[in-house]
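Heads up, the thing below is written out as structure tokens.
The figures here come from the full heavy-atom set of this structure, side chains too, leaving out hydrogens, waters and symmetry mates. Quick note on labels: first sequence line is chain A, next is B, and so on, each numbered from 1.
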2 protein chains.
Amino acid sequence: MRRNISESTVRRLSFYLRILEKVEAVGIDTLSSEKLAQRTGTTAAQVRKDLSLFGSFGKRGLGYAIPQLASELREILGLDRTWRVALVGGGRIGSALFEYSGFRKRGFEIVAVLDADSSKVGQRWGKVVLSDIADLEKVLTAESVDIVILTIPAESVPDVLDRVVAVGVRGILNYAPVQLRVPGDVTVKDVNMVLELEALSFALSQTKGE
Amino acid sequence: MRRNISESTVRRLSFYLRILEKVEAVGIDTLSSEKLAQRTGTTAAQVRKDLSLFGSFGKRGLGYAIPQLASELREILGLDRTWRVALVGGGRIGSALFEYSGFRKRGFEIVAVLDADSSKVGQRWGKVVLSDIADLEKVLTAESVDIVILTIPAESVPDVLDRVVAVGVRGILNYAPVQLRVPGDVTVKDVNMVLELEALSFALSQTKGE
DNA sequence: AGGTGTGAACACTTTCACAGCA
DNA sequence: TGCTGTGAAAGTGTTCACACCT
């Protein structure tokens, strides 16, 4: 719909959807911005502002109809479809992610796993057979991959990243501790566990001396 | 030091430190805000603003002396010490994190692993013997744990979280897909892989229709 | 000249407050 | 009455531009 939706808004939309699905299962069919805010740790005004960026989904005096709003949110977030995901890097983090069932539940299907280690290539993980990272272009194209998850060592990233982008993938989830530089039409999200720990370290150090 | 430092500033400080250490290894001893900005994907003004929140570390006409600035940043971020970390949850994600060497390099030492599965309790992972989560209070106290990493299922979180906070831990890195409510003196950082994928899904869906 | 440190301008996000509809 | 949708106000973070030091 509109332009410039902030990262924080998108994150909150995900939270809203999660709560709606939880509440829907219990059989409640309407929810106020106040209730939704409480359950997601934000404010009622924020909820209404976020939703109003995309349309008018509520009823005054009543609140939001849960199934309708959930369906709107799914559409807004692009979760009304399946996304084909390739895991590049079959190491420990890669395999932990592969086993994690939360992805599939949300429509992210891991359709390929690639690794540089020739002893791993050919292994079968569930329905997926590991491919050689040398065949990256071939595999990503053949499997119509939308999103790539990078769990390779930092030093391999620049080369692999270029190839992934060149083949037309426009969404990348990066677990490597490096800053990626990509064209403007490619979106990168970083997950960096050390960075989060450092932020904790900072917070703990600050409050310490007060 | 000072008031309200933003999350983004802290994240950038971590990036700066990383680059400084990389560049120091190459033998360069001075760096301008412009160069530092380029390598961390921000602007020179931003670098100077961030650093100026904590002091005047640069020399006009010259730039920043690398070893000094690195050492200042380590102190600011609380990385001039070792942090004792407990891993609560010894499943796939937990074990992947345990094996990840990046934590130790930055001074985060995993001194305890706890799990609810009695068949895992007593297993030895490197130097650490897995404890029963029933003994959480005892273990966290005995090991003087500063930071807890939660990699347990969402449904176990509320109970475990209460106990972790009650025993005095003030830093939590949460991998469970739930919103944690904690007292004000406790800092929580969430790592949520599905949330990041949903943000990618949103971004890809937006640009699609243009 | 070269590059920092910083107030002031700007941009973006959140909160407030209330008109208006069910 | 109850609760949404939204302009306006407040609050935060980023960028600009320049005085000032080496």
> Can you list the steps and then say if B:Asp50 with B:Tyr16 is a side chain to side chain contact (heavy atoms under 4.5 Å, CB included)?
Replying inline: CA-CA 10 Å; B:Asp50 286 338; B:Tyr16 302 156; 2.7 Å; yes
> Could you go step by step and tell me if A:Phe202 and B:Glu7 meet the side chain to side chain contact (heavy atoms under 4.5 Å, CB included) rule?
Replying inline: CA-CA 10 Å; A:Phe202 174 79; B:Glu7 301 236 330; over 6 Å; no
> From the 5' end of DNA chain C to its 3' end, which nucleotides mark the outer limits of contact with chain A, defined by a 4.0 Å heavy-atom distance cut-off (strictly under)?
Replying inline: C:dT13 to C:dA22
>> Can you give me the bend angle of the helix from C:dA1-D:dT22 to C:dA22-D:dT1? Use the axis through the first five pairs and the one through the last five, nearest 10 degrees.
In response: 0°
> Heavy-atom distance under 4.5 Å between the side chains of B:Val157 and B:Ile152, does that happen here?
Replying inline: yes
> Are A:Leu197 and A:Met193 side-chain neighbours, meaning at least one heavy-atom pair lies under 4.5 Å?
Replying inline: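 Counting from C-beta outward, A:Leu197 and A:Met193 never come under 4.5 Å.
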> Taking for each residue the nucleotide of DNA chain C with the nearest heavy atom, is it A:Lys59 or A:Ser8 whose nucleotide lies nearer the 5' end?
Replying inline: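 Nearer the 5' end of the strand: A:Ser8.
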>> Let me spell it out: for each of A:Thr9 and A:Leu62, pick the nucleotide of DNA chain C with the closest heavy atom. Which residue's pick is nearer the 5' end?
In response: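 Nearer the 5' end of the strand: A:Thr9.
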> Can you list every salt bridge (charged side-chain N to carboxylate O under 4.0 Å, His left out) pair that touches residues 23-46 of chain B, not counting sequence neighbours?
Replying inline: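 For residues 23-46 of chain B, and leaving out neighbouring residues, there are no salt bridge (charged side-chain N to carboxylate O under 4.0 Å, His left out) pairs at all.
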> Between B:Glu109 and B:Lys127, is a salt bridge (Lys or Arg N to Asp or Glu O under 4.0 Å) present by the stated rule, with each step listed?
Replying inline: CA-CA 11 Å; B:Glu109 195 177 353; B:Lys127 289 182 187 159; 6.0 Å; no
> Measuring from A:Ile19:CD1 to A:Leu31:CG, what's the distance to the nearest 0.5 Å?
Replying inline: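 A:Ile19 CD1 to A:Leu31 CG: 9.0 Å, rounded to 0.5 Å.
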>> Using the side-chain contact (heavy atoms from CB on, under 4.5 Å) criterion, which residues pair with B:Asp159? Sequence neighbours excluded.
In response: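 Per chain and number, B:Asp159 pairs via side-chain contact (heavy atoms from CB on, under 4.5 Å) with B:Arg163.
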> Which nucleotide of DNA chain D is the first, and which the last, in the 5' to 3' direction, to come under 4.0 Å of a heavy atom belonging to chain A?
Replying inline: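 That gives a stretch of D:dG2 to D:dA8.
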> Looking at B:Arg11 and A:Asp190, does any basic side-chain N land under 4.0 Å from a carboxylate oxygen?
Replying inline: no
>> Restricting to salt bridge (charged side-chain N to carboxylate O under 4.0 Å, His left out), what partner residues turn up for A:Arg18, sequence neighbours left out?
In response: B:Glu198
